[in-house]
Trainee: 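One structure, as structure tokens, below. Some questions next.
If you read the sequence from its start, that first residue is 1, and numbering goes on from there.
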Amino acid sequence: MDQPILTPVTMEKFLGQIDALAGGLAASGWRPDYLVGIGRGGLVPATYLSHATGLAMLSVDLSVKLPDFAEALLAKLAQRAMAGDKLLFVDDINDSGRTINAVRDAMTAAPAEAVRFAVLMDNVRSAAAVDYRAEAIDRAVTKDWFVFPWEAVASRESILADWGDVPERTQ
């Protein structure tokens, strides 16, 4: 496949996914002290989930690979978790598992019950497990590249460049 099928996620669908995450979190009985949006794709979902649940939100950015905004902040978050804070990391999609596993690796010193993960879409074949998901996909079946509402303003070239970073996710 030379290019992926670009599938828009409508705002209506996105809001339904936020409702599903908020409902799943409430039903679980586990209440984090903070939501942590994983930049870039998890920032908007974390903001909406923060409003839906009334939980405070923090952020960390792994997308631009600047240590001060990733590793340094993850180390501070791990310290907070070791001190007793509960953290729910939020991302848009758990596709390969690379991002979730990178965050989980940074949190290894924290108690396991203090750190959880939530995503809008969860690839059941991912190398990482999440605790909350609004929707499951199977990359063996679903090859589409999902374009979330906040990405829809980007040019087609920019969206394809993001896909091109790891095209095997959709092949």
Trainee: Tell me, do Phe89 and Leu74 make a side-chain contact under 4.5 Å, heavy atoms counted?
Mentor: yes

Trainee: Given side chains that start at C-beta, do those of Arg125 and Asp138 come closer than 4.5 Å, heavy atoms only?
Mentor: yes

Trainee: So which heavy atom on Pro111 is nearest to which on Ala81, and how close?
Mentor: CD-O, 3.6 Å

Trainee: Where do Leu77 and Leu87 come nearest, in terms of heavy atoms and distance?
Mentor: O-CD1, 3.5 Å

Trainee: How about OH on Tyr48, more than 12 heavy atoms from neighbouring residues, nucleotides or ligands closer than 6.0 Å, or not?
Mentor: no

Trainee: Donor-acceptor pair, Trp163 side chain versus Leu6 backbone, under 3.5 Å?
Mentor: no

Trainee: Decide yes or no for Arg31 and Leu55: does some side-chain heavy atom of the first lie under 4.5 Å from some side-chain heavy atom of the second?
Mentor: yes

Trainee: List the atom of Val44, the atom of Trp150, and the distance in Å for their closest heavy-atom pair.
Mentor: CG1-CE3, 3.5 Å

Trainee: Sort and list the pairs that fulfil salt bridge (charged side-chain N to carboxylate O under 4.0 Å, His left out) and have at least one residue in residues 41-56, not counting sequence neighbours.
Mentor: none

Trainee: Applying side-chain contact (heavy atoms from CB on, under 4.5 Å), can you list everything that pairs with Ala128, at least two apart in sequence or on another chain?
Mentor: Asn94, Ile100, Asn101, Arg104, Ser126

Trainee: To the closest 0.5 Å, what do you measure between CG (Asp95) and CZ (Phe146)?
Mentor: 8.5 Å

Trainee: Taking all non-hydrogen atoms of both residues, which atom of Asp33 and which atom of Asp85 are closest, and how far apart?
Mentor: OD2-CA, 3.3 Å

Trainee: Could you pull out the closest heavy-atom pair between Asp131 and Val115, with the gap in Å?
Mentor: OD2-O, 4.5 Å

Trainee: As a test of understanding, state which of Asp92, Asp162, Asp91 forms a salt bridge (charged side-chain N to carboxylate O under 4.0 Å, His left out) with Arg40.
Mentor: Asp162

Trainee: Verify, without hydrogens or angle tests, whether Asn123 (side chain) and Arg139 (backbone) share a donor-acceptor contact under 3.5 angstrom.
Mentor: yes

